[in-house]
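What follows is a set of notes on a single structure, which appears directly below.
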Amino acid sequence: MIDPAILRTDPDRLRESQRRRGESVELIDELVAADVAKRDAQQRFDELRNEQKNLGKQIGPLQGALKKAADDESRVAAQAELDALMATAQDLAERVKAAEAEAAEAGARVDTLWLQVSNLVNLESPVGGEADFVVVAEAGTPRDFGAEGFAPRDHVELGELLGAIDITRGAKVSGSRFFYLTGPGAMLEFALLNLAMQQAAAHGLVPVITPALVLPSAMEGTGFLGQAAENVYRIESDDMYLVGTSEVPLAGFHADEIIDAADLPLRYAGWSSCFRREAGSYGKDTRGIIRVHQFDKVEMFVFCRPEDAEAEHARLLSWEREFVDALELPYRVIDVATGDLGSSAARKFDIEAWIPTQDTYREITSTSNTTEFQARRLRIRMRDEKGTRPLATLNGTLCAMPRVIVAILENHQQADGSVVVPVALRPFMGGLEVITPT
RNA sequence: GGAGGCAUCGCCUAGUCCGGUCUAUGGCGCCGCACUGCUAAUGCGGUUUGGGUUAAUCGCCCAUCGAGGGUUCAAAUCCCUCUGCCUCCGCCA
């Protein structure tokens, strides 16, 4: 959610943001009208309620006076006054009830509309759709397999040769887009997890193992029940959701809290399984483990002052690059265009690793500055010398297992199908230098 | 899964039986001011959160006693539902 004050002071800013995202501009007009209606209704209720309270204050003492009345005459007079008061009060009570219902309804309408408004985009973000990203950095050089004299195998083939990935059995047991990591594949994931957590801890992030099943409030608070809802698994029997990223439980960690600004930034590295329905991606990446329904991921998450958010975003990106650098993978960094940000992000950078057999770069990490958007929805605030106000949240992938494993296998393969283990991972694989076909 | 208890504005706490005097008590902590060589002590004032009104402040108004409903002219207080925590029993990685 965005600062509601902007709706009154500068609604054009909201319209411009919606326009850049390719989302409804009319929504803002509806919201402006609904907001006025809500305040009117609220004010009517406030006034009536005030009247009712004042009236109520007279009834108590009057009843006392009635009991203590010295003679019949004064008793009758007091009784008459009380009856009149009660009649007014009863009438007022009905009007208060009606006004309250109206105010609640108007408020609910505003809330519903606000939930449909995506975060204000950063004006630096390139405007456009998925293809309109800007490349902001490149690192490493893709290998020239032609010059090396062999055609690279794709990760599916390598995974089979090495006994590292079993997609056939994944499909047998769980259906399409599921897989087993076996032997060296599983060891590779554990090594990646350890390297990621070691790096995270070295930078002062607190390692966290999160729940993967969350309540609707956590899902909604992080903005995943909007456009992204079709990609979320819902557990019907218990009204809960399987998270698509530990961003959700990490953001919710401090929900409803007010954090002393002196304790900021709070930085976490969360580990959880991630579940995605991948609705609407039929036919995309059907081969291999680039796009799967369940995978594990180490995710960084930060709570900080809004004024520090952009610097923090750059820091998260640099930590992501440090990790990918350590894995000796060629990659590029893109500044994601406004139409492809998702509802929560104001700005987003993706790291795309070179995938030799696809002859292209594919997303392996993503870091978003969600400014105060999620914090408002989750009621996470900070207290500093300026008072109590929402803080900023940011997230960034440190290591999404399947895609990183794909990149390692394909980029570090040798002519005989073996794969060289990146130096940084070797300590976590018992010193293993090369994974060889079984 | 069963039985019982608890939930008050940072922390502790009064109030709930018996509805109105609750504009929620007191202590601790914290902030400001005063006093004082300094510190300490003391005194005075302030200290939940959200919203409205205002150019803004002061002020005023509304909501908020775990959440949501209900009864009533009036609810922290009475009734119902839910959630969380604690104790005991059962079951179980």
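A note on names: the letters A, B, ... follow the listed sequences, proteins ahead of strands, and every chain is numbered from 1.
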key: Same-atom distance (P) from B/A7 to B/C78, integer angstrom   = 12 Å
- Query: When you compare B/G52 with B/U42, how far apart are their C1' atoms, in angstrom units rounded to a whole number?
  - Reply: 41 Å
Q. Is A/Glu94 paired with A/Lys97 through a side-chain N to carboxylate O contact shorter than 4.0 Å?
A. no
Checking N1-N3 plus N6-O4 or O6-N4 for Watson-Crick, or N1-O2 and O6-N3 for wobble, each under 3.5 Å, the partner of B/A34 is B/U42
Open item on the list: Classify A/Lys38 by what it touches in the nucleic acid, base, sugar-phosphate, or nothing, heavy-atom distance under 4.0 Å.
Closed with: nothing
message: Is it the case that the side chain of A/Arg379 and the backbone of A/Arg377 share a donor-acceptor pair, with hydrogens and angles ignored and the cut-off at 3.5 Å?
response: yes
Taking B/C65 as the reference, what is the distance to B/U8 when you measure between their P atoms (whole Å, please)? 12 Å
Across all chains, not counting sequence neighbours, the ring-ring contact (aromatic ring centres under 6.0 Å, His included) partners of A/Tyr241 are none
*Taking A/Arg267 for its side chain and A/Met300 for its backbone only, find out whether a donor-acceptor pair lies under 3.5 Å.*
no
Distance check, P atoms only: B/C31 and B/A40, in whole angstrom units. 11 Å
Here the distance between atom P of B/U83 and atom CG of A/Asp256, to the nearest Å, is 18 Å
> Expressed in whole Å, how much space separates the P atoms belonging to B/C22 and B/G15?
Replying inline: 15 Å
Of the listed B/C73, B/U53, B/U49, the closest approach to the A/Gln43 side chain comes from B/U53
Quiz item: Mind checking the P distance from B/C60 to B/U23? Whole angstroms is fine.
Solution: 15 Å
In whole angstroms, the gap separating C1' of B/C73 from CG of A/Asp91 amounts to 11 Å
In Watson-Crick or G-U wobble terms, with both distances under 3.5 Å, the base opposite B/C18 is none
**Study point:** C1' spacing across the pair B/U13 / B/G29, given as an integer number of angstrom
**Key:** 14 Å
Exercise for review: Check every strand shown and say whether A/Arg379 touches a base, only sugar-phosphate, or nothing at a heavy-atom separation below 4.0 Å.
Suggested key: nothing
Paired to B/A67 by Watson-Crick or G-U wobble criteria (both distances under 3.5 Å) is B/U81
From the list A/Asn119, A/Leu123, A/Asn122, A/Leu120, side-chain contact (heavy atoms from CB on, under 4.5 Å) partner of A/Ser17 resolves to A/Leu120
- Indicate whether OP1 or OP2 belonging to B/U53 is found under 4.0 Å from a side-chain N or O atom of A/Arg39. yes
Using only heavy-atom distances, determine whether the side chains of A/Thr397 and A/Lys297 contain a donor-acceptor pair under 3.5 Å. no
If pairing means Watson-Crick or G-U wobble with both distances under 3.5 Å, then the partner of B/A56 is none
**Request:** Determine, for A/Glu16 against A/Arg13, whether the closest basic-nitrogen to carboxylate-oxygen distance falls under 4.0 angstrom.
**Result:** no
B/A75 -> Watson-Crick or G-U wobble partner, both distances under 3.5 Å, gives none
Rounded to whole Å, CZ of A/Arg44 lies from P of B/U53 at a distance of 14 Å
### Query
Does the side chain of A/Arg383 get closer than 4.0 angstrom to OP1 or OP2 of B/U49 through an N or O atom?
yes
(request) Would you please confirm or rule out a distance under 4.0 Å between OP1 or OP2 of B/U54 and any side-chain N or O of A/Arg8? (result) no
From CG of A/Asp263 across to C1' of B/G10 the rounded distance in Å is 13 Å
Worksheet entry | Note: A/Glu102-A/Arg44 ion pair, threshold 4.0 Å (strictly below) | yes
Mate of B/U47 across any strand shown (Watson-Crick or G-U wobble, both atom pairs under 3.5 Å) is B/G29
Indicate whether the side chain of A/Gln42 and that of A/Asp46 have a donor and an acceptor atom separated by less than 3.5 Å.
yes
Scoring nucleotides 55-65 of chain B by protein non-hydrogen atoms under 4.0 Å (B base, S sugar-phosphate only, - none) yields ------SSS--
Applying the 3.5 Å cut-off to both distances, the Watson-Crick or G-U partner of B/G1 turns out to be B/C89
Taken to the nearest whole Å, CD1/A/Ile380 to C1'/B/U49 is 16 Å
Between B/A93 and B/G4 - P atom distance, rounded Å: 28 Å
note: A/Leu215, atom CG; B/U83, atom P; distance rounded to Å ~ 11 Å
